[in-house]
Amino acid sequence: MASRRAETAPLPRYRLFRGHGLSLRVRLTIAATVVAALGLSLAAVLLVISQRASLIHSLDDNARQRALIIAAALDKGRAIQPLPASGAGDDAAQVIDSRGRVIAASANVAGEPALFRVSAAAPGSEPSVHTVRGIPLGGQGTYRVAAVSAGPAHAPKTVYVGLATAPVDHNVGRLTVKLAFGLPALTALLAAAGWHITGRALGPVERLRGQAAEITATDLHRRLDLPPRTDEIQRLGATLNDLLARLDEATTRQRQFVADAAHELRSPVAAVRAEIETATRHPSADFSARLPELLEETVRLGRLVDDLVRLARLDATAGVPRETEIDLDDLVRTEVRRLHSRPGVAVACARVRPARVRGDPDALSRAIRNLLDNAVRHAHHHVEVSLDATENEAVLCVRDDGVGIPPADRDRVFERFTRLDDARSRDAGGSGLGLAIVRDVTTHHGGRVAVEGDGPGARLVLCLPLAM
């Protein structure tokens, strides 16, 4: 196993090395140039092959036509001597009898023995064409030979017409030389065009990068200048601007959260410090009567720290609760039994129907506890709890008979460190984080929480999707 790891280890380093030190513009230009060069080379090869095939086809048609003309004359009993030539000194035509003797030939091969020994087509059919090499005639060794049988059956003859392939090779060679010089020049031109085009295409990206590099944590309010055209680069810039807006909002909220937390912690810490300093300056005095007040401040301080830790954990989880199926009705009953109600305030479960949801049981228990604590804190005489299950979601309703929440403040009560009036003040025991925790937990579980109804009192409704 160790040897296999050692063998595969250099591969990532090789891949990283291939693009090391080269800008995106250079890599795009190289890639485009290589693709263009391969495409042009393939096109050039196909052009040469096609051109040669076309010239050979034309050569074959010419040889067949001349062979048919000679065969037609022989069939009519006319003697042709010498055989007609094309005018090119390397073309040759011969008529061979059944004994292999040359009975007619073109002027340039007069007196020569039979030059071509290939199978001939039957009389009246299309001449067959073959490639014959090694013919000692005029320095040309390769011919396209058309052969066809002719003459009467008692004295059959074979007509051969050979056309040299040298002109074809010469024309194909000239085309190859032109392509060999033209393709590099065209490839260089395409490379220059690719360099220019990629430079213009990546210019807006570089400007966006430069502007983004200038933005620091202290000026997240700045935005990137978007290109005028609606394209991928503009959408990239718009996405980066949206990202900056979210970062700006998150940073602002974080700073506000830290400032509010410091403000909230300052009061209990100052109270505890004052009591301790007083006790230090008067060691002989009896401060036992002040201990309950000091204990209340420390309890309040601990509750505030717990709430801050809970909010920090909710922010860190990024809205991904644990995927555990939970009986929400069991959590509701447990939190109602655990609740420490104020004297004179009765908590009643009107109806609690079975409902299963997915999520973090600790976080959901904390959200239900905060809803109940908030209702008991502001109720006059009673709190009513109900849990229903619709087709797709569980609906938890907590109603109190307190002063209620004005419609204008029903969204604001779920913000952090929010208190509405004297009834919902720090002295009443609230830190302004309980309902904010409820909202964050509910949102992270794909649900929603809101203040509904027109009173009397406050009616808070928490909805969570049912487990499928």
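Since this is a predicted model, take the numbers as computed values, not measurements.
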For [X] and [Y], indicate whether the former's side chain and the latter's backbone hold a donor-acceptor pair under 3.5 Å.
{"X": "R333", "Y": "L331", "answer": "no"}
{"X": "T165", "Y": "V168", "answer": "no"}
{"X": "T252", "Y": "D248", "answer": "yes"}
{"X": "D401", "Y": "H380", "answer": "yes"}
{"X": "T334", "Y": "D330", "answer": "yes"}
{"X": "H378", "Y": "G457", "answer": "no"}
{"X": "D329", "Y": "P354", "answer": "no"}
{"X": "R25", "Y": "W195", "answer": "yes"}
{"X": "R459", "Y": "P456", "answer": "no"}
{"X": "S365", "Y": "P361", "answer": "yes"}

Do you know the tightest heavy-atom contact between [X] and [Y]?
{"X": "R410", "Y": "V413", "value": "O-CG2, 3.4 Å"}
{"X": "L224", "Y": "N241", "value": "N-OD1, 2.7 Å"}
{"X": "A147", "Y": "S119", "value": "CB-O, 3.8 Å"}
{"X": "F414", "Y": "L435", "value": "CD2-O, 3.6 Å"}
{"X": "D231", "Y": "Q234", "value": "OD1-N, 3.0 Å"}
{"X": "A355", "Y": "L387", "value": "CB-CD2, 4.4 Å"}

Measure the [atom1]-[atom2] distance between [X] and [Y] for me, rounded to the nearest 0.5 Å.
{"X": "N392", "Y": "L464", "atom1": "CG", "atom2": "CG", "answer": "13.0 Å"}
{"X": "D60", "Y": "H130", "atom1": "CG", "atom2": "NE2", "answer": "10.5 Å"}
{"X": "C397", "Y": "R351", "atom1": "SG", "atom2": "CZ", "answer": "8.0 Å"}
{"X": "T251", "Y": "L247", "atom1": "OG1", "atom2": "CG", "answer": "6.0 Å"}
{"X": "L396", "Y": "S386", "atom1": "CG", "atom2": "OG", "answer": "7.0 Å"}
{"X": "D327", "Y": "E325", "atom1": "CG", "atom2": "CD", "answer": "8.5 Å"}

With sequence neighbours excluded, tell me which residues meet side chain to side chain contact (heavy atoms under 4.5 Å, CB included) with L40.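 L40: side chain to side chain contact (heavy atoms under 4.5 Å, CB included) contacts with L183, L186, T187, L190.
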
Quick one: side chain to side chain contact (heavy atoms under 4.5 Å, CB included) partners of R246, sequence neighbours excluded?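 Per chain and number, R246 pairs via side chain to side chain contact (heavy atoms under 4.5 Å, CB included) with D242, L243.
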
Considering only heavy atoms from C-beta outward, does the side chain of [X] approach that of [Y] to under 4.5 Å?
{"X": "L460", "Y": "V438", "value": "no"}
{"X": "R207", "Y": "D225", "value": "no"}
{"X": "D169", "Y": "T142", "value": "no"}
{"X": "L202", "Y": "L28", "value": "yes"}

Can R222 and L244 be said to form a side chain to side chain contact (heavy atoms under 4.5 Å, CB included), step by step? CA-CA 8 Å; R222 292 179 53 185; L244 289 173; over 6 Å; no

For [X] and [Y], which I'm curious about, is there any donor-acceptor pair between the side chains at under 3.5 Å?
{"X": "Q51", "Y": "N171", "answer": "no"}
{"X": "R144", "Y": "T131", "answer": "yes"}
{"X": "T216", "Y": "D219", "answer": "yes"}

For atom [atom1] of [X], is the number of surrounding heavy atoms from other residues, nucleotides or ligands below 6.0 Å larger than 12?
{"X": "R281", "atom1": "CZ", "answer": "yes"}
{"X": "Q65", "atom1": "CD", "answer": "no"}
{"X": "R353", "atom1": "CZ", "answer": "no"}

The criterion is salt bridge (Lys or Arg N to Asp or Glu O under 4.0 Å); which residues satisfy it with E391, sequence neighbours excluded?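 Salt bridge (Lys or Arg N to Asp or Glu O under 4.0 Å) check on E391 returns nothing, list empty.
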
Are D373 and R377 close enough for a salt bridge, meaning some N to O gap below 4.0 Å?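 Salt bridge: no.
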
Does a salt bridge link R209 with E206, judged by any charged N lying under 4.0 Å from a carboxylate O?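 E206 and R209: salt-bridged.
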
Is there a side chain to side chain contact (heavy atoms under 4.5 Å, CB included) between E126 and V148 once you walk through the steps? CA-CA 7 Å; E126 189 75 10; V148 63; over 6 Å; no

Between D400 and V376, is a side chain to side chain contact (heavy atoms under 4.5 Å, CB included) present by the stated rule, with each step listed? CA-CA 7 Å; D400 65 71; V376 170; over 6 Å; no

Between E335 and R338, does the salt bridge (charged side-chain N to carboxylate O under 4.0 Å, His left out) criterion hold? Intermediate values first, please. CA-CA 5 Å; E335 292 303 326; R338 185 184 301 172; 3.2 Å; yes

Worked check of side chain to side chain contact (heavy atoms under 4.5 Å, CB included) between R366 and V441: CA-CA 9 Å; R366 183 60 181 270; V441 169; 5.7 Å; no

